[in-house]
Number of protein chains: 2
Amino acid sequence: MGGEFQAAFWAAKRAMATASEEAYRRHGVRAGQQFLLYELWAEDGLTPGELARRLGLAVPTVTRTATRMESAGILRREPHPTDARLVRLRLTERGHELQELMTAEVVRLSEKALSTLDQADRERFIGYLNEVRKNLTTPDGMT
Amino acid sequence: MGGEFQAAFWAAKRAMATASEEAYRRHGVRAGQQFLLYELWAEDGLTPGELARRLGLAVPTVTRTATRMESAGILRREPHPTDARLVRLRLTERGHELQELMTAEVVRLSEKALSTLDQADRERFIGYLNEVRKNLTTPDGMT
DNA sequence: CCAAAATCGTTAGCCGGCTAACGTATACTC
DNA sequence: GAGTATACGTTAGCCGGCTAACGATTTTGG
């Protein structure tokens, strides 16, 4: 029955969303900003478009999230030196400081979510999640 | 590493959300309305509060979703016969007609999402999702 | 070299989750 | 019976996903 899967999935999603929000809020970071931070820690100065590509998000989602992070003092917008169409998102000092704190929160949150699963289960679980994503994003006729 | 789990989970969630929206839109139903429909097909005339309890949603979420469904002609609000605080949400003819169509879409969507998993994998997957929900909604100190 | 096409970021607006604050109606307590 | 407490639904407003439409800039082609 498909309904059982749907119910379980969306209930887990809501629990994850609530727990994430609660874990990150302490540091002045909202749930959706985590993804941008991860990418910018790895490579500072990315553009909204590049971030959207890497994260699989729509560009306006990144734009608005970046605006909120700018208001929160986590990053700032800088003009691109050679292409006036582009905007570079650069972390502030505070943005860099968050790396350690947020990484710890992510680990803690994931550990709590997966606490009753052993290592083999966790790997299977992540594999299932990746399968779902692939199955849904692959065009119908394709292998 | 917690990041891998987070990334896989949220990517799967976005794929599910997009696919759901696309599957239901054909019938004039938006993604979030599906949950109310399931409950009302089982028992018509439930109140917003009761629906929220059964679905684990916040009451205002149900209220607003119901308003949109009312605008779409899927249900209507009726006063409760004995308690003027309560509102009964009753499906229209169209709301009942959707049951067959939507159930088929849910099955099709779930089948596509899980297409590369055999029965044992699916059961394990649903089990993992339920574990995550339980682990995150159980207060910290509890067993 | 200049006009048309493509690229980029932003804005506006939809849906779906949430909390906080409010008004109304019922229930409880004295 | 009156006054307080509780329960219910709605409204307002936040965040995070999306698409559509726009203005500005760069690239391309004639």
Side-chain angles (χ1 to χ4, degrees), chain A residues 6 9-25 28-37 46-53 55-72 74-75 77-89 136-137, chain B residues 6 9-25 28-37 46-53 55-72 74 77-89 137:
Chain A
Q6 296 285 329
F9 187 89
W10 293 113
K13 174 260 171 182
R14 285 196 299 269
M16 284 278 292
T18 301
S20 298
E21 191 66 36
E22 197 253 335
Y24 304 152
R25 204 176 42 202
V29 176
R30 308 305 297 258
Q33 306 176 357
Q34 171 206 358
F35 306 115
L36 305 208
L37 282 174
L46 293 172
T47 66
E50 180 60 24
L51 274 170
R53 254 191 306 277
L55 294 169
L57 294 174
V59 175
T61 300
V62 173
T63 295
R64 195 183 45 189
T65 300
T67 300
R68 287 176 180 150
M69 294 170 79
E70 199 173 15
S71 299
I74 295 172
L75 57 77
R77 285 177 161 85
E78 290 185 358
H80 191 278
T82 67
D83 190 336
R85 291 173 303 183
L86 301 179
V87 168
R88 299 183 58 178
L89 302 177
L136 292 177
T137 53
Chain B
Q6 296 285 328
F9 186 89
W10 292 114
K13 174 260 171 179
R14 285 197 299 268
M16 285 279 291
T18 301
S20 298
E21 191 66 34
E22 197 252 335
Y24 305 150
R25 206 177 41 205
V29 175
R30 307 305 296 259
Q33 306 176 358
Q34 170 207 357
F35 305 114
L36 304 210
L37 282 174
L46 293 172
T47 66
E50 180 59 27
L51 275 169
R53 253 191 307 276
L55 293 169
L57 294 173
V59 175
T61 300
V62 173
T63 295
R64 194 182 46 192
T65 300
T67 300
R68 286 176 181 149
M69 294 169 80
E70 198 173 15
S71 299
I74 295 172
R77 284 178 161 84
E78 291 185 356
H80 191 278
T82 67
D83 190 335
R85 292 174 303 182
L86 301 179
V87 168
R88 299 183 57 176
L89 302 177
T137 52

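Order of the sequence lines fixes the chain letters, A, B, ..., with proteins taken first and strands second; residue numbering starts at 1 for each chain.
No contact: T67(B) has no heavy atom under 4.0 Å from any strand. Residue-level contact check: R77(B) touches the backbone only, with heavy atoms under 4.0 Å from sugar-phosphate atoms and none from bases. In this structure, V59(A) reaches the bases: a heavy-atom distance under 4.0 Å links it to at least one base atom across the strands shown.
In this view, R25(B) satisfies the side chain to side chain donor-acceptor pair (under 3.5 Å) rule with no residue, not counting sequence neighbours. Not counting sequence neighbours, the partners of R85(A) by the salt bridge (Lys or Arg N to Asp or Glu O under 4.0 Å) test are D83(A). Considering only residues two or more places apart in sequence or on other chains, L55(B) meets the side chain to side chain contact (heavy atoms under 4.5 Å, CB included) condition with F35(B), L36(B), E39(B), L51(B), L57(B). Residues passing the salt bridge (Lys or Arg N to Asp or Glu O under 4.0 Å) test with E78(B) are R76(B), R90(B), sequence neighbours excluded. Judged as a side chain to side chain donor-acceptor pair (under 3.5 Å), and not counting sequence neighbours, the contacts of Q34(A) are Y24(A).
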With the criterion being N/O to N/O and under 3.5 Å, what pairs connect the protein with nucleotides 14-16 of chain D, and how long is each?
{"from": "dC15(D)", "atom 1": "OP2", "to": "R68(A)", "atom 2": "NE", "distance (Å)": "3.3"}
{"from": "dG16(D)", "atom 1": "OP1", "to": "A31(A)", "atom 2": "N", "distance (Å)": "3.2"}
{"from": "dG16(D)", "atom 1": "OP1", "to": "G32(A)", "atom 2": "N", "distance (Å)": "2.8"}
{"from": "dG16(D)", "atom 1": "OP2", "to": "R68(A)", "atom 2": "NH1", "distance (Å)": "3.4"}
{"from": "dG16(D)", "atom 1": "N7", "to": "R64(A)", "atom 2": "NH2", "distance (Å)": "3.1"}

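Side-chain atoms of E70(B) and R77(B), non-hydrogen and from C-beta on, do get closer than 4.5 Å to each other.
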Exercise for the section: Give the B/S/- string for nucleotides 20-29 of chain D, one per nucleotide from 5' to 3', where a protein heavy atom under 4.0 Å of the base yields B, of only the sugar-phosphate yields S, and otherwise -. Expected result: B----BS---
Can you give each donor-acceptor pair under 3.5 Å made by side-chain atoms of residues 15-23 of chain B, sequence neighbours left out, with the distance rounded to 0.1 Å?
{"from": "T18(B)", "atom 1": "OG1", "to": "R14(B)", "atom 2": "O", "distance (Å)": "3.0"}
{"from": "S20(B)", "atom 1": "OG", "to": "M16(B)", "atom 2": "O", "distance (Å)": "2.7"}
{"from": "E21(B)", "atom 1": "OE1", "to": "A31(B)", "atom 2": "N", "distance (Å)": "3.4"}
{"from": "E21(B)", "atom 1": "OE2", "to": "R30(B)", "atom 2": "NE", "distance (Å)": "2.5"}
{"from": "E21(B)", "atom 1": "OE2", "to": "R30(B)", "atom 2": "NH2", "distance (Å)": "2.9"}

Could you pull out every donor-acceptor pair under 3.5 Å between side chains of residues 58-65 of chain A and any protein atom, sequence neighbours left out?
{"from": "T63(A)", "atom 1": "OG1", "to": "V59(A)", "atom 2": "O", "distance (Å)": "3.3"}
{"from": "T65(A)", "atom 1": "OG1", "to": "T61(A)", "atom 2": "O", "distance (Å)": "2.8"}

